[in-house]
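Comments concern the structure below.
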Amino acid sequence: MTHVAVLPGDGIGPEVAAEAIRVLDAFGIEHSEHAFGGNAILAEGTPLPDDTLAACKAADAVLLAAVGLPELEGKPVRPEQGLLRLRKELGAYANLRPARGDGVDMMIVRELVGGLYFGEKGIREDGTWFDTCEYTRPEVERIARCGFEIAKSRGGRLTSVDKVNVMQTSRLWRDVVTAMGASLYPEVELDHALVDSFAMTIVQAPETIDTVVTENTFGDILSDIAAAVTGGLGLAASASLSDDGPGIFEPVHGSAPQLAGRGIANPAAMLRSVALMLQHGLGRPADAAVLEHAVDVALAEAPTPDLGGTSTTRDAGAAVLRALGAARTL
Ligand code: NAD
Ligand code: IPM
Ligand code: MN
């Protein structure tokens with residue numbers, strides 16, 4: 001029996017997770033909810049309690065909404081540390097962040113458990129605070145392989161994004177991607193871009209982009225930009241995959257504290273993450289396509305305020321369930 005561990009988290013997380021749970025029920029998928037993030041810190045002193053981690057490891061997939069509480073920002077123990085640890089513990093190194101919209105269909109493949117996020121960091125005796133960007137060759141090879149495979153399954157074009165004019169790790173990145181392209185993926189059309197000007201390309205010519213592979217921090221920033229040019233963070237979903245074991249499926253957005261408690265967050269990013277879970281985590285691509293379509297129907301029928309509409313989170317979720325029901329009676 002398929003089992004999904006649901007981590008509602010903080011802020012708008014529980015509000016959009018409630019709609020995801022209704023969709024899981026509609027598909028007959030068993031699930032359980034677990035404490036995670038800021039609420040877990042306040043209740044248990046840690047953002048990733050042991051029983052939550054154990055439940056995630058035992059599940060077929062993890063469905064995560066969002067973490068982050070303003071009152072914990074800058075504190076020694078923070079919700080975001082739980083998210084980074086969960087990704088690391090599950091080995092979820094390949095983060096797929098699709099962005100679709102008017103004539104735009106791009107896929108950002110973000111390295112998720114290395115780079116600047118996980119390099120050595122701290123405060124030296126002389127008072128200098130530091131973070132370091134670190135990658136090993138195998139870490140770059142496995143994410144590059146993922147980028148090439150995804151590009152092959154889509155439009156056949158891959159852009160590798162780095163900062164080779166400045167960063168040492170980018171030299172490794174570019175060498176590895178170039179060598180793998182020549183020896184293993186000659187059929188994929190490969191090009192390289194520097195991250196600063198590529199940010200501009202996402203804004204000015206997003207329709208020219210197919211598949212992108214990039215470092216953790218670059219991917220974090222570029223995926224919010226890609227979301228912004230395709231309808232906003234309310235729509236952007238992601239899948240974080242490992243080579244074995246459960247993946248983590250989560251919106252690109254965070255806990256949006258200004259929207260929390262108002263019942264007006266857009267649940268589309270969360271529900272598209274459920275679709276990515278059906279496709280990449282549970283081996284149910286046909287159901288994924290049905291849900292993707294139902295979300296598109298609901299977006300047109302019941303838009304939330306971020307899209308210029310007046311629907312609540314619940315209204316939008318109900319529209320998705322109606323569209324799913326209609327699809328099933330066909
Ligand atoms: P955010 O993504 O939470 O929100 C930025 C803005 O995007 C919001 O103010 C809102 O206008 C819009 N938005 C986001 N989600 C939306 C939705 N579903 N519907 C409609 N509009 C939406 O980014 P932030 O405000 O910079 O961060 C808030 C907190 O979230 C921080 O604590 C941060 O660390 C955390 N965060 C968590 C995750 C995660 O859990 N994966 C991701 C990003 C940020
Ligand atoms: C994201 C978020 C996280 C990240 C934070 C909350 C740790 O911004 O998933 O994009 O930086 O990876
Ligand atoms: Mn982010």
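Note that ligands are numbered from 1 as they come in the structure, with each ligand's atoms numbered from 1 the same way.
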Between [X] and [Y], is any side-chain donor less than 3.5 angstrom from a side-chain acceptor?
X    : Y    : value
T230 : R100 : no
H192 : T159 : no
D220 : Y117 : yes
D224 : H253 : no
E134 : T132 : yes

The answer, listing residues by chain and number that come under 4.0 Å of ligand 1 through any heavy atom, is I12, A66, V67, G68, E80, L83, L233, G234, E250, V252, H253, G254, S255, A256, P257, Q258, L259, A265, N266, D306
For the Mn ion (ligand 3), decide whether D224 has an N, O or S atom at a distance under 2.8 Å.
no
Return the residue, atom name and 0.1 Å-rounded distance of the protein heavy atom closest to [atom].
atom                    : answer
atom 11 (O) of ligand 2 : Y117 OH, 2.5 Å
atom 6 (C) of ligand 2  : E80 CG, 3.6 Å
atom 9 (O) of ligand 2  : R87 NH2, 2.7 Å
atom 10 (O) of ligand 2 : D220 OD1, 2.9 Å

### Task
Would you mind checking if E215 and R110 are paired as a salt bridge, meaning a charged N to carboxylate O distance below 4.0 Å?
no
* Asked: Is the shortest side-chain N to carboxylate O distance from E73 to R78 below 4.0 Å?
  -> no
Checking E30, E33, M277 against V4 for side chain to side chain contact (heavy atoms under 4.5 Å, CB included), the one that qualifies is M277
Among the N/O/S atoms of D220, the Mn ion (ligand 3) lies closest to OD1
query = Does NZ or CZ of K88 lie under 6.0 Å from the centre of the six-membered ring of F118, at an angle within 45° of the ring axis?
reply = yes
- Ignoring angles and geometry beyond distance, decide whether R97 reaches within less than 3.5 Å of ligand 2 through its nitrogen or oxygen atoms. yes
- Non-hydrogen atoms of R78 versus ligand 2: any pair closer than 4.0 Å? no
Inset, instruction - Look only at the side chain of E19 and the backbone of D315, and say whether a donor-acceptor pair between them is shorter than 3.5 Å. - result: no
